[in-house]
Number of protein chains: 2
Amino acid sequence: MTGNRDMTAETDFLRPLVTVDVVILTLKDGGLQTLLMKRAAEPFRGDWALVGGYIHPEEDDDLEAAARRILGVKAGIAAPYVEQLQGFGDRRRDPRGWTVTFAYVALIASEGMMLSKGANADSVAWWPVAGSGVEPALAFDHTRILAAAVTRIRNKVEYTSLPVHLMPPCFTLTDLQRVYEQILGRPMDKSQFRRRIAEAEFLEAVPGEFRLASNRPAQLYRIRAGLSTIFFDRTI
Amino acid sequence: MTGNRDMTAETDFLRPLVTVDVVILTLKDGGLQTLLMKRAAEPFRGDWALVGGYIHPEEDDDLEAAARRILGVKAGIAAPYVEQLQGFGDRRRDPRGWTVTFAYVALIASEGMMLSKGANADSVAWWPVAGSGVEPALAFDHTRILAAAVTRIRNKVEYTSLPVHLMPPCFTLTDLQRVYEQILGRPMDKSQFRRRIAEAEFLEAVPGEFRLASNRPAQLYRIRAGLSTIFFDRTI
DNA sequence: CCTTCTTCGTGGCAATACGCAACTAACTTC
DNA sequence: GAAGTTAGTTGCGTATTGCCACGAAGAAGG
């Protein structure tokens with residue numbers, strides 16, 4: 001026992017560095033992909049890592065605001081779907097000392113991703129997610145964080161409308177079904193799928209808009225105004 | 001812009017105090033109840049608050065270890081079901097300055113709860129959860145944390161075997177059904193309930209053990225060895 | 001203009017699951 | 001041994017699901 005720890009004033013407790021790490025997921029080339037940055041500084045220099053940064057309490061009102069700011073500054077991404085995943089505070093996760101992180105998951109549509117190089121990385125790239133992880137070993141405990149994120153999203157897709165955040169503003173029901181199928185890794189029945197979407201009533205047809213090809217045109221849909229993620233009664 | 005923030009060494013970033021707050025839930029008197037401590041110190045002196053404490057990075061291997069240690073030290077509770085809920089880091093949540101917390105949820109069986117008075121509280125009590133909260137206004141943002149915990153647990157009960165952690169080591173299927181009903185607030189069909197439990201195969205009959213009363217005795221069950229929380233295919 | 005090709009969107013069952021309620025079982029009490 | 005109470009199972013009408021097929025709507029090509 002150190003003896004004096006429990007008697008010290010609150011401000012004498014050990015204070016860690018606090019970061020936010022964001023697992024950015026999108027759908028590219030028929031599967032989930034995540035945005036990683038190659039670390040330019042020690043520790044783990046040269047390793048791939050999640051997009052993350054320190055919280056600036058003076059300008060970040062809360063944790064989600066910090067996540068969104070970091071998303072903008074480090075990856076040039078604005079206002080996607082952002083959800084807190086979990087905190088990680090293992091005392092050995094950072095060789096520099098005790099560092100805790102709040103992990104977030106962000107979903108963005110495949111389009112409109114402008115990648116800007118961060119000050120702390122010399123490279124940014126999309127990596128395909130195989131299983132619940134990615135090919136290279138990641139810095140810190142980021143492999144574990146990524147796995148937790150992918151598991152969370154896969155589970156949630158089973159009973160929510162979460163994949164709409166991976167879609168462009170207008171899309172067809174077939175498009176949406178493909179996205180569900182790619183995330184869940186299994187084919188779904190067209191008839192069943194459309195029944196579920198219809199009774200959840202979170203989409204609306206865009207009047208007069210159709211996707212045209214050399215076949216029957218498909219109705220375009222968009223998310224009904226004011227609605228965020230919908231929870232279905234049962235699995236989709 | 002302060003100008004010098006982004007150029008400082010990592011160790012110069014603002015470091016918050018880091019706490020763990022545990023929402024302890026049990027089933028008493030026919031409903032969910034949560035364990036609260038009356039604060040003996042400022043701020044919020046005299047207000048009720050969640051059981052919480054500072055992380056001791058030298059002795060807590062990770063966040064869950066800290067939660068379990070605090071559970072033991074502050075509430076005298078050992079080894080129940082513990083799950084991380086969410087992190088809260090709003091810069092205004094603590095009037096003393098920036099403090100972040102990792103909120104946990106703990107479920108314990110109604111029996112075997114020895115309440116010990118913590119150094120920082122002059123009173124400990126169980127409060128019934130009405131809706132998703134509790135009658136008194138809580139210290140800090142604990143009302144919000146409690147609401148998030150109750151919502152999480154209620155949702156999870158719909159499709160998991162989570163309520164077994166609120167049960168004694170041996171129990172009857174009728175007991176378990178009552179627990180589900182009390183948490184979800186609605187009656188369930190006996191036949192349906194037993195089918196779901198049977199096909200999930202996470203319970204085993206305790207051979208020869210029966211609950212005796214002035215009527216037909218009921219088979220006692222226990223959780224099968226090595227199993228934790230089960231996710232059902234559909235809602236129970 | 002008519003045939004072919006492709007994808008869209010809906011409709012039609014057979015099989016399964018669910019909700020509901022009755023029924024039997026087992027044990028105590030009077 | 002009749003009454004009362006809770007345990008545990010069975011049966012059945014109805015709703016939901018899974019699966020597949022059919023018609024619709026366009027482009028392309030002869």
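Just so it is clear, the values below take in all heavy atoms, side chains as well, and ignore hydrogens, waters and symmetry mates. Here is the naming used below: chain letters follow the sequence lines, and residue numbers restart at 1 for every chain.
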Visitor: Is the A/F140 to A/F88 ring centre distance short of 6.0 Å?
Guide: no

Visitor: Which nucleotide sits closest to the side chain of B/A218: C/dC20, C/dG9, D/dG8?
Guide: D/dG8

Visitor: Would you say C/dC8 has OP1 or OP2 under 4.0 Å from some side-chain N or O of A/T174?
Guide: yes

Visitor: Measure the distance from CG on B/D175 to P on D/dA7 and round it to the nearest whole Å.
Guide: 8 Å

Visitor: Using the closest heavy atom to pick a nucleotide of DNA chain D for each, name whichever of A/A213 or A/Q192 lands nearer the 5' end.
Guide: A/Q192

Visitor: Using a heavy-atom cut-off of 4.0 Å across all strands, would you classify B/S191 as base, sugar-phosphate, or nothing?
Guide: base

Visitor: Is B/E64 salt-bridged to B/R68, going by a charged N under 4.0 Å from an acidic O?
Guide: yes

Visitor: Could you state the atom-to-atom distance from CZ of A/R211 to P of C/dT7 in whole Å?
Guide: 9 Å

Visitor: With a 3.5 Å cut-off and no angle check, do the side chains of A/E83 and A/Y81 form a donor-acceptor pair?
Guide: yes

Visitor: Which is true for B/R234 with a 4.0 Å heavy-atom rule: it touches a base, it touches only sugar-phosphate, or it touches nothing?
Guide: sugar-phosphate

Visitor: Between atom CG in B/D233 and atom C1' in C/dC18, what is the gap in whole Å?
Guide: 15 Å

Visitor: For the pair made of CZ in B/F193 and P in D/dG8, what is the distance, rounded to whole Å?
Guide: 12 Å

Visitor: On DNA chain D, does the nearest nucleotide to A/D189 precede the nearest nucleotide to B/T172 from the 5' side, or the other way round? Give the residue.
Guide: B/T172

Visitor: Would you mind reading off the distance between A/F210 atom CZ and C/dT7 atom C1', rounded to a whole angstrom?
Guide: 14 Å

Visitor: So, B/D47 and B/R39, do they make that salt bridge, N to O below 4.0 Å?
Guide: no

Visitor: Report the nucleotide, chosen from D/dG26, D/dA7, C/dC27, that has the shortest atom-to-atom distance to any side-chain atom of B/R216.
Guide: D/dA7

Visitor: Rounded off to whole Å, could you give me the CZ-to-P distance for the B/R195 and D/dT10 pair?
Guide: 11 Å

Visitor: A/R194 has a side chain; which of D/dA7, C/dT10, C/dT7 sits nearest to it?
Guide: C/dT10

Visitor: Provide, to the nearest angstrom, the distance between the CG atom belonging to B/L212 and the P atom belonging to C/dT29.
Guide: 11 Å

Visitor: How about B/T19 and B/T101: does a side-chain donor come under 3.5 Å of a side-chain acceptor?
Guide: yes

Visitor: Between A/Q219 (CD) and C/dG9 (C1'), how many Å, whole number?
Guide: 11 Å

Visitor: Looking only at the side chain of B/R196 (C-beta and beyond, no hydrogens), which of the listed nucleotides C/dC8, D/dT17, C/dC18 gets closest?
Guide: C/dC18

